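Atoms considered below: every heavy atom in the structure, side chains included; atoms not considered: hydrogens, waters and symmetry mates. These figures come from a predicted structure and were not determined experimentally. We count ligands from 1, going down the list as the structure has it; atoms in each ligand are counted the same way.
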Amino acid sequence: MTQSGRVFILLGAPGAGKGTQAQRIAETYNLFHIDTGHCLRSEIASGSELGKQAKSYMDQGQLVPFELVMQVIKASLLRIPQDKQGVLFDGFPRNQQQAYGLDQVLEELQIRIQAVLYLDISHSVLMDRLAYRVTCSRCDAKYNLKLNPPKQDAICDACGGELIIRPDDRPEVIENRLKTYASETEPLIRHYEERSLLRRIDANQPIDQVFEEIRHQISPFFHSSDTMLV
Ligand code: AP5
């Protein structure tokens, strides 16, 4: 990625559809997708020291400490292929400290945030999405047994991996994740609104319609020749 690279942020409650939309956005606009939740789960699976430290927080639905998350972010930024047109952060930043941490890193790279896509969703829709979610243990693709089921039971359409229920999708952990979101992450809506970066997306709609709204917001940041399908 060059210094003209674009930076987008997906902000929203657990289950709002960040991961689902992020995959499409990254593919359509050739962006490098940085999903801190997925990076942390990979660290846990690899048995790294960072993963061991992160696990206890994730299992309880709490935020992983700032220093660990910034390690993940910095390592991810070093891996961006040259041909990417920018970065899409999914699930980061999640509080004011991380937002300032991101500003610092971007200042060093001399790039700036283009837009923060806030997936606005009602509580009841969100609970349905989390309760029926299954996730691919290999590629982290998301399905919903009620709303968008896989073609074959328990098998990922994309990579053939095994579909599992994430440990933090147990009802008591979901409740903690929602509380953490309300106290730590929700204030970022105002933070980015004040910086005129916030774009509100109605995330209660079906997947394709949510994506259409996002596309409407992001496309102006690209020349038509830059994108793969716009
Ligand atoms: P993370 O993995 O980021 O989880 P999250 O933010 O809780 O978000 P989710 O993955 O639960 O939901 P989503 O918004 O991606 O929705 P999805 O697309 O899956 O983080 C996990 C943990 O890691 C955190 O709790 C924390 O401990 C730690 N962590 C991560 N980042 C951190 C950070 N920056 N700082 C500190 N700690 C951090 O969709 C949900 C379901 O709905 C799916 O089944 C999907 O198929 C379905 N669906 C999606 N959209 C639609 C639609 N429009 N219509 C119908 N169904 C839909």
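In this structure, the protein non-hydrogen atom closest to atom 9 (P) of ligand 1 is R133 NH1, 3.2 Å. Counting protein heavy atoms only, atom 7 (O) of ligand 1 is closest to R177 NH2, 2.7 Å. What sits closest to atom 26 (C) of ligand 1 on the protein, heavy atoms only, is Q62 O, 3.5 Å. For atom 46 (O) of ligand 1, the nearest non-hydrogen atom of the protein is N148 OD1, 3.0 Å. Summary of contacts: the protein heavy atom closest to atom 31 (N) of ligand 1 is T36 OG1, 2.7 Å.
You'll find the ring centres of H191 and Y100 inside the 6.0 Å limit. A ring-centre distance under 6.0 Å is not found for Y118 and Y192.
Of the candidates H38, R94, M58, the one placing a heavy atom closest to atom 1 (P) of ligand 1 is R94. Of the listed residues (T20, L145, N144), the one carrying the non-hydrogen atom nearest atom 18 (O) of ligand 1 is T20. Distances from atom 36 (C) of ligand 1 to the heavy atoms of N204, T185, V64 show the closest one on V64. Distances from atom 48 (N) of ligand 1 to the heavy atoms of R129, Q98, Q21, K146 put R129 nearest.
Residue K18 touches ligand 1 through backbone and side chain together, judged by heavy-atom distances below 4.0 Å. Residue-level proximity to ligand 1 for Y143 is carried by the backbone, the only part with a heavy atom below 4.0 angstrom. Residue Q205 touches ligand 1 through its backbone alone, judged by heavy-atom distances below 4.0 Å. Within the 4.0 Å heavy-atom criterion, both parts of I207, backbone and side chain, lie near ligand 1. Contacts of L40 with ligand 1, taken as heavy-atom pairs under 4.0 Å, involve the side chain alone. Contacts between A54 and ligand 1 below 4.0 angstrom, taking non-hydrogen atoms only, are absent altogether. No part of A22 comes within 4.0 Å of ligand 1, judged by heavy-atom distances. The proximity of D90 to ligand 1, defined as any non-hydrogen pair under 4.0 Å, does not occur for either the backbone or the side chain.
At least one heavy atom of R41 sits less than 4.0 Å from an atom of ligand 1. Within the 4.0 Å heavy-atom shell around ligand 1 one finds R166. Proximity of P206 to ligand 1 is established by a heavy-atom distance of less than 4.0 Å. Using 4.0 Å as the threshold, P93 has no heavy atom nearer than that to any atom of ligand 1.
In summary, the side chains of Y29 and S219 do present a donor paired with an acceptor at a separation below 3.5 Å, with no hydrogens or angles considered. Side-chain atoms of Q62 and T180 include no donor-acceptor pair closer than 3.5 Å.
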Test side-chain contact (heavy atoms from CB on, under 4.5 Å) applied to V72 and L50, step by step: CA-CA 9 Å; V72 164; L50 194 155; 4.1 Å; yes

Which is it for E213 and Q205 under the side-chain hydrogen bond (donor to acceptor under 3.5 Å, both in side chains) test, yes or no, and what are the steps along the way? CA-CA 10 Å; E213 266 200 40; Q205 311 172 87; 2.8 Å; yes

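Between N176 atom CG and D59 atom CG the span is 11.5 Å, to the nearest 0.5 Å. Taken from NZ in K18 to CG in D35, the straight-line distance is 8.5 Å, to the nearest 0.5 Å.
Here the side chains of K55 and E43 are not in contact, with every heavy-atom distance at 4.5 Å or above. Two residues are said to be in side-chain contact when any heavy atoms from C-beta on lie closer than 4.5 Å; F8 and L31 meet this criterion.
Counting the atoms of ligand 1 from 1 in the order shown, those under 4.0 Å from a heavy atom of A13 are 14 (O).
Between D169 and R129 no salt bridge is recorded (no basic side-chain N to carboxylate O distance below 4.0 Å).
Within 6.0 Å of CD on E172 lie more than 12 heavy atoms contributed by other residues, nucleotides or ligands. Counting non-hydrogen atoms of neighbouring residues, nucleotides and ligands closer than 6.0 angstrom, the CD atom of Q152 reaches no more than 12 such neighbours.
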